[in-house]
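Structure first, commentary second.
The shown structure was predicted, so the numbers you read here are calculated from the model rather than taken from an experiment. These values consider heavy atoms only, across backbone and side chains, with no hydrogens, waters or symmetry-generated copies. Here is the naming used below: chain letters follow the sequence lines, and residue numbers restart at 1 for every chain.
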Protein chains: 2
Amino acid sequence: MTNSDDAETTYPLRAAARLTGLSPDLLRAWESRYGVVKPLRTAGGTRRYRASELERLRLVKAAVDAGDRISVVARLDPVELARRAAGTEKPSQAGLEPILSALERLDAEGAQRLLALQLSAMGPVSFAREFALPLAREIGERWATNRMGIASEHLATGVLRSMLGSALTPTAASRLGPTIVFATSTGERHELGLQSAALTALGAGANPIYLGAELPVEDLLGAVANTGAAVLALSLVTIPSGPAEQMIAAIRNGLPDEIRLWIGGPGATEIAASEGVERFGSLEEFERRVTLLGFEKSSLP
Amino acid sequence: MTNSDDAETTYPLRAAARLTGLSPDLLRAWESRYGVVKPLRTAGGTRRYRASELERLRLVKAAVDAGDRISVVARLDPVELARRAAGTEKPSQAGLEPILSALERLDAEGAQRLLALQLSAMGPVSFAREFALPLAREIGERWATNRMGIASEHLATGVLRSMLGSALTPTAASRLGPTIVFATSTGERHELGLQSAALTALGAGANPIYLGAELPVEDLLGAVANTGAAVLALSLVTIPSGPAEQMIAAIRNGLPDEIRLWIGGPGATEIAASEGVERFGSLEEFERRVTLLGFEKSSLP
DNA sequence: GTCATCTTGTCAAGATTTAATCTTGACAAT
DNA sequence: ATTGTCAAGATTAAATCTTGACAAGATGAC
């Protein structure tokens, strides 16, 4: 009932300007000088942009931002246009750049749109592993070298955490698999890798219980007991290996023997091996281990 | 400071209608028949409502909703009016219990399922305001009295943060609204209220940029400048009011005059009023303010 | 290399259109 | 009698229109 007429919804100039990021003046200039788009006109003569034209304008802007000249790009057909805009618009396998640029501009809507596109294309598990984590790494690097502000980093962290968190919804079926509790201990605030691991576990048929960052040791042990988990998985990123080893020893000590303790993350390979603790250098390795677990524990308490 | 002219900001009829929940026709009828308010007029004769008049209209409406007759209530002074209006509060929410119990059992799947159900039933904005926040409050209380473990609190925080974060996806249309940057400053780690506020803003037609918790002042200012935001919205929960006031002063000082600074959260009402800073005691108040923002112009000619 | 020319984004002025608002008066349901 | 809503026709305020100009950078000729 919204629009039963054949009238598709159109947008006035000011809406087109805000939606494309181009100024009203520029929209008019591009139209009259280069014929980039040809919006409908009302009886009185004011412009009305169709959604398709807004999309085209976005592409043209992307191409121009990428260095093309408006006089050249203006007449291109959508296919060629998309190709030229690819540098700035389309997330390909190597397409971290457009997202990084949106983040730098603090363009929340743009960044989320690109990330969502990627997520839907790759599926949550590979998205986490092959896209979110490299993205986080790149952001960290740029931040460390002052090429990106911490505001961009916060925006990215929040968006990624939400997207991965939503994907982490356990299904009824996943309850059938072995339960794994995911957390980091006090002092360890990096969550992204932990979320990726939990997602990987979910994809491998386990039943992840994601408790997030900075849980005191005592509560960690209590949580494992309460849930009847078979495994406690921790992530190490920032904690120095000395304190980390102490913490792990304390946990192992308080944990019943039959419950496994797994350590992942960049810091995992730097701590010393010890009895009853398994360390993982990559998510692929972790994934194989989870799959194994499913076969090991055919009978649960 | 915000408006160097001495003219207070006023609002056109449609803004008054939306903010009070009264129809434009009714506003005119009440004015001409009972003189409930007497808005300013432009040179051309159109009405311009002052904030004080909007407040009065809200009270009058509350009194009428409570059963009083408009012809009687119309002339009352604010004090008596407030007394009469005080009969209309909304019912409380049930249905927290099952979720609390799932959280206590660390039943991630059950808790998420119940929450998702609630979210889909209420929609994101009221879910945040009328469900997630009360839930968080209850959890905090139980944790403080040792009736709930911190693991449950973490689980809940993570799930809620993801759910609200996903709902916080800006749409293309939201870009049309005024841009508001949401963040907390260093030391303030509570995010839930801030997310709820951002969701409220999104629902009220603004374009929220959610930067999350603990952003240093300097980066906050940079972010506002980069995004061309009209407003910087901060949340205060745990920071003592002394340091908070210093922090706010520092931010206000570094912020251009034309950019508004809004403070919300439980701590907002405890800090001293100061030039160029607006404080909000509730999300409803915040929502009204956001809606106003869309209508604001400097003032009368 | 230098200088004229082209390209491109922005601005201003004055006319016009669209979207809101105005008043008045009517009408139906308490 | 009170009260909310609606319609008609006039008016105002805010957007948008076109045209033309201008400046900063890019391009190209010499």
Protein proximity profile, nucleotides 19-29 of chain D - base contact B, sugar-phosphate-only contact S, no contact -, cut-off 4.0 Å on heavy atoms: --------S--
Counting side-chain heavy atoms from CB outward, which of [options] is closest to [X]?
| X | options | value |
| --- | --- | --- |
| B:L26 | C:dT8, D:dT5, C:dC22 | D:dT5 |
| B:W30 | D:dA13, D:dC17, D:dG4 | D:dG4 |
| B:T42 | D:dT3, D:dA13, C:dT7 | D:dA13 |

Atom pair distance, as rounded to whole Å: [atom1] in [X] and [atom2] in [N]:
| X | N | atom1 | atom2 | value |
| --- | --- | --- | --- | --- |
| B:Y34 | D:dA1 | OH | C1' | 10 Å |
| A:D68 | C:dT7 | CG | P | 16 Å |
| B:R28 | C:dA20 | CZ | P | 13 Å |
| B:R41 | D:dT12 | CZ | P | 13 Å |
| A:L13 | D:dA14 | CG | C1' | 13 Å |
| B:L27 | D:dT5 | CG | P | 11 Å |
| A:R18 | D:dT16 | CZ | C1' | 17 Å |
| B:E31 | C:dT21 | CD | P | 13 Å |

A:H154 side chain vs B:A213 backbone, donor-acceptor pair below 3.5 Å: yes
Sugar-phosphate, base or nothing in reach of A:P12, heavy atoms under 4.0 Å: sugar-phosphate
Would you call [X]-[Y] a salt bridge at under 4.0 Å N-O?
| X | Y | result |
| --- | --- | --- |
| B:E31 | B:K38 | no |
| B:R252 | B:E275 | no |
| B:E55 | B:R58 | yes |
| B:E285 | B:R288 | no |
| B:E287 | B:R129 | yes |

Counterpart residues, side chain to side chain donor-acceptor pair (under 3.5 Å), relative to B:R75 (two or more places apart): none
Partner set under side chain to side chain donor-acceptor pair (under 3.5 Å) for A:E138, not counting sequence neighbours: A:R142
Whichever of B:R14 and A:A43 has its nearest DNA chain C nucleotide further upstream toward 5': A:A43
Audit row: B:L211, A:L106, side chain to side chain contact (heavy atoms under 4.5 Å, CB included) steps and yes/no: CA-CA 9 Å; B:L211 297 181; A:L106 291 177; 4.1 Å; yes
Residue-level proximity of residues 45-54 of chain A to DNA chain C when a heavy atom falls under 4.0 Å: A:T46, A:R48
Enumerate donor-acceptor pairs with a distance under 3.5 Å from any side-chain N or O in residues 155-163 of chain A to protein atoms, sequence neighbours excluded.
{"unit_1": "A:T157", "atom_1": "OG1", "unit_2": "A:E153", "atom_2": "O", "d": "2.8"}
{"unit_1": "A:T157", "atom_1": "OG1", "unit_2": "A:E153", "atom_2": "OE2", "d": "3.4"}
{"unit_1": "A:R161", "atom_1": "NH2", "unit_2": "B:E191", "atom_2": "OE2", "d": "3.1"}
{"unit_1": "A:S162", "atom_1": "OG", "unit_2": "A:G158", "atom_2": "O", "d": "3.4"}

Bending between helix ends of the helix from C:dG1-D:dC30 to C:dT30-D:dA1 [5 pairs per end, 10° resolution]: 30°
Any B:T179 side-chain heavy atom under 4.5 Å of B:V231 side chain: no
Passing option when B:L54 is tested against B:V37, B:L19, B:L59 for side chain to side chain contact (heavy atoms under 4.5 Å, CB included): B:L19
Distance test, side-chain N/O of A:S23 to OP1/OP2 of C:dT10, below 4.0 Å: yes
